[in-house]
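Worksheet for the structure shown next.
The chains referred to below are lettered A, B, ... by the order of the sequence lines, with proteins before strands, and numbering in each begins at 1.
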Amino acid sequence: MDFGLNETQELIRSSAAEYLSDRSPSDFVRAMATDERGYTDDFWREIGELGWLGLIVSEEHGGSGMDMSDMAVLLAEWGAALAPGPLVESAVVSASAIGNFGSDSQKREWLPTIATGEMVVVPSLVGMDGSTDPGAMGVRASETSNGWVLSGTSRFVPYGNSADLVLMPAETDAGVTVFAVPVKSAEGTVNVNRVKMASGAPACDIELNEVVVPAAAVLGEAGGGADVVGQMMLYGAAARATQMVGAGSAVTDRTIEYVKDRRQFGRPIGAFQVIQHYMADMATKVKSAQHLVNRAAWALSADIDSASASRAVSQAKWTANTLMHDIVWKAHQSHGAIGFTWEHDLHLYTRRVLSWRADFGDSDSHIEILGRTL
Amino acid sequence: MDFGLNETQELIRSSAAEYLSDRSPSDFVRAMATDERGYTDDFWREIGELGWLGLIVSEEHGGSGMDMSDMAVLLAEWGAALAPGPLVESAVVSASAIGNFGSDSQKREWLPTIATGEMVVVPSLVGMDGSTDPGAMGVRASETSNGWVLSGTSRFVPYGNSADLVLMPAETDAGVTVFAVPVKSAEGTVNVNRVKMASGAPACDIELNEVVVPAAAVLGEAGGGADVVGQMMLYGAAARATQMVGAGSAVTDRTIEYVKDRRQFGRPIGAFQVIQHYMADMATKVKSAQHLVNRAAWALSADIDSASASRAVSQAKWTANTLMHDIVWKAHQSHGAIGFTWEHDLHLYTRRVLSWRADFGDSDSHIEILGRTL
Amino acid sequence: MWFEFNEEEIAFREELKEFLDQELPDGWIGPNDESSDEGWDLYCRMRRKLAERGWLTMTWPKEYGGQEASPMISLLFAEEMSYRRAPGNDRFGTRMLGPTLMVFGTDEQKRKYLSDIAQGGIQWCQGYSEPNTGSDLASLQTFAELRGDEFVINGSKIWTSMAHRADMMFMLVRTDRDAERHAGISFLLLDMKSPGVQVNPIVNIAGAHSFNQVMFDDVRVPLENLVGELNDGWNVAMNLLNFERGNIDYVSWAQRSWEEIRDYAATTRRFDGSLMIDDMKVRRRLAELEAEIEMARYITYEVAWLQSLGHPPSTEASMCKIAATEVNTAVLDFGVELLGLPGLIDDPDEHEDLAGRIFKMRMYQTSGPILAGTNEIQKNIIAYRGLELPRR
Amino acid sequence: MWFEFNEEEIAFREELKEFLDQELPDGWIGPNDESSDEGWDLYCRMRRKLAERGWLTMTWPKEYGGQEASPMISLLFAEEMSYRRAPGNDRFGTRMLGPTLMVFGTDEQKRKYLSDIAQGGIQWCQGYSEPNTGSDLASLQTFAELRGDEFVINGSKIWTSMAHRADMMFMLVRTDRDAERHAGISFLLLDMKSPGVQVNPIVNIAGAHSFNQVMFDDVRVPLENLVGELNDGWNVAMNLLNFERGNIDYVSWAQRSWEEIRDYAATTRRFDGSLMIDDMKVRRRLAELEAEIEMARYITYEVAWLQSLGHPPSTEASMCKIAATEVNTAVLDFGVELLGLPGLIDDPDEHEDLAGRIFKMRMYQTSGPILAGTNEIQKNIIAYRGLELPRR
């Protein structure tokens, strides 16, 4: 057992904290929340230069060859700073899916540019009904002599209006198959409609009409899409949970500072026992969730069986969903009216934490995954 | 809307409070919890003389002809005093079932002696698996030329070792049928085995082996037992919920007194804000539950449709189960170590409140009844 | 014990329902946005129409043009209005200032203001909270210096609903800095068009302009606008605060949202073709929430019943603030989670779909357990006033 | 970050498991009842066997015959012992008094007591709480008057586990009534057979004799039994209290009960022939509780990890007291409700069936969030020491 950071991780933590506090302050977060694309090319290039987009890409393909435990350290800081941009989508979910299921040429072509930030690759994991079951996808593909022809709608694709490639599961005669669709340059009709979401991050409904992609666009085996989707969900859930706990930890710290300063009835409200117990609850919840999300990231890195890793991830996401929800609302209750204003930063956290609950499997789906394995 | 007591009800309330505090103090409650029968004949005769066992029995049959709203006033005091004996079983559930489904001769024979306390009639409503579905009963009956022959086991029959009659549902070729079985004097073999229960009230497994009862022992129609069971469950749930809230109210009052007296760190623990909020929660929960149990009792008295009445009762029982559970544990937490002792009376309440949750439908079954009607 | 409305009450509710069916815009979902011009026009129109029926001042004594309606009828009015998310039920004038003037106002003040309020022709706002008061209202610092026959006000009020639309403000100001904190406060009436009054909008976390901060820079108020005695303003204000928590609003909102969520679940199919509501765990949770709504509702009814007997409620009013705001929160929390990603759409153009507005509704509800005395303050009140627990 | 045990730890756990398989009675379910004679014999036998392996004092320094085992190994020992509900893990002597004597004891005291403790040959009990202290330990009133070379003790201790079986008691007594409350307290060692000591059993709400009240009537204790300086007893006692909350016990008990409930659900049929565990809502709740057990477990492991780095935990120890006792409560609450009427059987003869003992287990757990510092006190500690919130 080791609950500490190694030297590399400590370096990631301190540099991320420092860089993001400088480069992603509240003003930037607010501007990006109403920005059409949700982040800037400058910012993304810098993140790439810092090596963060290639953290878990192999050295052979231009990355650092680190693992999810290392990435978790970055993700916690990323969440704490509410930094914008498709870090989880491109540099974690897509990079790991391509790394694991991609052909040699796919890896050579895509991974190095993911790592630099030149290319953004995002997964499409939401079905027509808003659920994330691979059986619920809205896109169908048929094999023709020209390649595969895709039609249908993918819903709520994160950063779909910036993505160069969307990793898109589709129904085929062979079963669910994942295609890397170059939405900006596809042959055929692609409509990308941005939906205004509570988190401020872009989510897009992408309509494909007779879009043709070559056989080389298939990620993994034709008909083997459920495995690819499964891995994307796993890495996505672990990463998002870690980011959520980072955000919850920052909310807790800020709330503790607030109750020390804010005075009512002649003393700081942090001197009232009920507020003290709220703070103790929040701190205990952060601690509890940190262990489970770190263990999930570790489980995706260490040599343990996949059923155990999957259980660790589902426990982590359910825990992050449940406890961080409690934390943001206790934070609001402790802030009082000021936390109800647009001007105060608290709601920036609230919107994201609540939104992230639905990503990569909601609480219900994860607890049922766990329940079925008992 | 009227949340108050009328004159009769106020009289019931004050006389019950006075009588029970005198006649059913802690010593008596404790003695009865280890008593083989769980109450004494003297006590029961007095309760009968006070008219409480005939409260909802019609005047024609020796009762007072009052309704469940009036009975609810008594039940709340009965619960607050943890008074022992089959008041709910005999004077509410059996009396109302016989009053509603009984033949004229059954009413004439049984109701007057229920009202005096000379006869105790209890329902058997627990299936072999501990559940209360009429399909889950453990007794079968066949019609012969001599009458009905019953064999099988009824589980957890309350006060089954004192009962003169057990209203026992059994499977028959015609469907579920309820029989009034004179367990003490039945023709055939009857074994009554008392089970030691957490509440201290007797519950008995009753084995019937070829017990013969006449056709006149059928309550309601042969094959019409589901309706009889349904009504017994409804009256039982409403009555038990009211009794629970009475007990929870007493626990709350006692806990408030305790925290005013008990000193720690130089002041009464009731001066600590966290304890104050526990008390406020408990008081709010008592108030919330009181309205719903009183409404349920009213719904069984007023001229409203049976679906609404059934919903009101299920809401009341679910609410009493949920909120009174919270109340007894908050009471323990506020009492500290002294509440963990056998010597202190708190656990007398805890044991009963927790036990009563399972009677006449547990929380799950009531919430599913409600869920199915949405 | 009786758990049904009487005939008069049922008839009144039917009349009100018909009125709302007729007067609200077609397909009205609500809530109204008084910061938009259309929204403000609708508010004013509804306020006048309600006044024409006498409903705004139904609880007032007949001598002031009221109907002496029972607290239960008055509660039914608020319940139905909130359930319909209908605008126009001005409470500042009719439920707060009006009754205050009846007790503490001069004849001149009564003559000048009461009939305007009753006719729905004037908008009041309430100037109590200040940036540093929070739940500790008595710590207010906005100062009014009496110079001859006028007060000169400097300071600031915050969280002032409707200030940008109001004609007048009733306010608490400090008039004696040396007195004990509850003394030295006075109750004044201020014309919002007075020179030196500046209203700055505050946008809430749902993105709406629901509050304001109001700044006072040497604002002059004539002495005749003092209500009650000088330095007796705390007493004037507290006389009503207890009964005016508007908790039935939260119960009605919870009920309406609960129905919207149930209907959504009953009409929305999952990918396997099943309806959401076919899932027993959805039904279970809806049933639990429904029971909790009922609990909050009956405590609220009990408050009206107590008032009808002439018993001032205090503990009960705090209990229903807690119960009503908690259940509304729980209903919306459930809805947001149940709806999933579609429930996270936050787009005014998608307002007609529950999916497009439930997140915003949840964000609004953040203020429920906070405003008008946080739920923690309500628990303190229950503990001190109701249960008589020691303060130290 | 690493979330697995190392090879040494795994090997130790296997050895311990084998030992327990061999030494515990066949079909042992536990817990042990030290108030019965058989239970006490079993306890003493297990204590000696554990001592023979050196496990009771594994954390002690080698100079005192210990193994200088890591905090993680020590935690594993406690985790497995509690999971098996195995008796004999005497903590009063080995984990509380022993380390205290190593720091504060005289050479004579060390010589006289440490080896007896290590060999499992002596039973200690802890005399801290008093009838009026509760969570406020420093308010203790039992007085020891120093007369020449002996103390004369009058007063009473309460909630004293094992007092009816103990050979000796280590205790806090007031030795200066005029000093500030934390001063004026001394730490003494008392022979329980001294004249004037009377032990009265306290039966708990589960019906078991788990505590005692101990009365002192002019009880004489030689001056040589003073540990540390006169009037410095608070310092002596507090030196260890933080680390010795035994929270892993609750995690292990929760884990064991959770497994028993799961197994019950997996083998018990409802009347329709389905197994309880076929019901997804049962599985969901089990899965939630399992995640909560994991949370409590890892906080507990973190405490051991911090200790292994030489960092004294304080906030973390309080957090795991809360998390571990809350989850054990939640598991048992779920079990009692799931089992229904059969789960309410409370009969020693039905002990082998979970249905016959789960209610008793729940009643026992009442003390979890209360003893060794209520969970409310733990939250105060987190707030003050960990989060540095103001006291006023």
Side-chain angles (χ1 to χ4, degrees), chain B residues 125-138 155-156 194-201 203 262-267 269 272 274-275 278 321 325 328-329 332-344 346-348 350-351 354-359 362-365 367-368, chain D residues 129 131-136 138-139 158-159 181 201-211 213 268-272 276 279 281-282 329 333 336-350 355-356 358-360 362-364 366-371 374-377 379-380:
Chain B
L125 291 169
V126 182
M128 286 308 291
D129 62 347
S131 77
T132 43
D133 190 293
M137 299 304 145
R155 295 202 66 193
F156 299 110
R194 187 182 163 184
V195 186
K196 287 188 187 157
M197 299 297 283
S199 71
R262 170 74 170 166
R263 295 180 71 84
Q264 296 262 279
F265 303 102
R267 47 178 164 161
I269 61 173
F272 287 95
V274 162
I275 297 290
Y278 285 2
N321 277 8
H325 174 264
V328 292
W329 293 122
H332 272 290
Q333 197 62 24
S334 306
H335 274 80
I338 192 75
F340 186 58
T341 63
W342 191 262
E343 193 184 350
H344 194 278
L346 180 56
H347 74 102
L348 303 175
T350 310
R351 291 173 166 268
L354 297 192
S355 298
W356 290 338
R357 287 191 303 170
D359 290 350
D362 64 8
S363 305
D364 266 353
S365 70
I367 212 69
E368 294 200 355
Chain D
S129 292
N132 288 313
T133 58
S135 293
D136 184 15
S139 67
I158 199 168
W159 317 124
R181 31 191 253 132
I202 298 175
V203 177
N204 71 22
I205 59 175
H209 170 194
S210 57
F211 296 124
Q213 182 163 8
T268 305
R269 291 195 183 276
R270 292 187 165 147
F271 74 93
D272 62 3
M276 276 184 167
D279 185 343
K281 90 175 162 280
V282 174
T329 301
D333 269 344
V336 169
E337 199 154 15
L338 177 71
L339 266 61
L341 277 158
L344 297 170
I345 298 170
D346 187 14
D347 185 346
D349 294 340
E350 305 279 338
I358 193 161
F359 188 85
K360 195 184 286 286
R362 176 64 186 91
M363 292 301 266
Y364 258 104
T366 307
S367 64
I370 290 171
L371 298 184
T374 65
N375 287 8
E376 288 75 18
I377 294 287
K379 288 183 192 178
N380 290 349

Return the option, out of B:Ala337, B:Ser355, B:Gly336, with the maximum number of heavy-atom pairs under 4.5 Å with chain D. B:Ala337

Residue D:Asp349 versus chain B: region with a heavy atom under 4.5 Å: neither

Taking all non-hydrogen atoms of both residues into account, name the closest pair between B:Gln333 and D:Asn375 and its distance. NE2-N, 4.0 Å

Part of B:Ser363 lying under 4.5 Å from any heavy atom of chain D: both

Which pair of heavy atoms, one from B:Phe265 and one from D:Arg181, lies closest together, and at what distance? CD2-NH2, 4.0 Å

Give, as side chain, backbone, both or neither, the part of D:Ile358 having an atom under 4.5 angstrom from any heavy atom of chain B. neither

When rounded to the nearest 0.5 angstrom, what is the spacing between CD1 in B:Ile338 and CD1 in D:Ile158? 6.0 Å

Checking D:Ser139 against chain B: side chain, backbone, both or neither under 4.5 Å from a heavy atom? neither

Which one of B:Arg262, B:Arg263, B:Glu343, B:His325 has the most heavy-atom pairs closer than 4.5 Å to chain D? B:Arg262

Hey, could you give me the CE/CG distance between D:Met363 and B:Leu354, rounded to the nearest 0.5 Å? 7.0 Å

Which one wins on heavy-atom pair count under 4.5 Å against chain B: D:Asp346, D:Ile205, D:Ile370? D:Ile205

Please state whether the side chain, the backbone, both or neither of D:Thr329 comes within less than 4.5 Å of a heavy atom of chain B. neither

Can you tell me which portion of D:Leu371 sits under 4.5 Å from chain B's heavy atoms? Options are side chain, backbone, both or neither. side chain

Nearest-0.5 Å distance, OG1 of residue D:Thr366 to NE2 of residue B:His335: 12.5 Å

Partners of D:Phe211 by ring-ring contact (aromatic ring centres under 6.0 Å, His included), sequence neighbours excluded? B:Phe340, D:Trp159

Minimal non-hydrogen separation, B:Asp362 against D:Glu337, with atom names: OD2-O, 4.5 Å

Which region of D:Ala206, side chain (C-beta onward) or backbone (N, CA, C, O), has a non-hydrogen atom less than 4.5 Å from a non-hydrogen atom of chain B, or is it both or neither? backbone

Nearest 0.5 Å, please: how far is OG1 in D:Thr133 from CD in B:Gln264? 7.0 Å

Spacing of D:Ile345 atom CD1 and B:Phe156 atom CZ [to the nearest 0.5 Å]: 4.0 Å

Is there a side-chain contact between B:Met197 and D:Phe359 in this structure, where contact means two heavy atoms from C-beta onward sitting under 4.5 Å apart? no

For the residue pair D:Gly340 and B:Ala358, what are the closest heavy atoms and their distance? C-CB, 4.4 Å

If we define contacts as heavy-atom pairs under 4.5 Å, which of B:His347, B:Arg357, B:Lys196 has the most with chain D? B:Lys196

Given that the side chain runs from C-beta out, which part of D:Lys281 has a heavy atom under 4.5 Å from chain B: side chain, backbone, both or neither? side chain

If every non-hydrogen atom of B:Trp342 is compared with every non-hydrogen atom of D:Asn204, which pair is closest and at what distance? CE3-O, 3.3 Å

Interatomic spacing from CG in D:Asp279 to CG in B:Asp364 - rounded to 0.5 Å: 7.5 Å

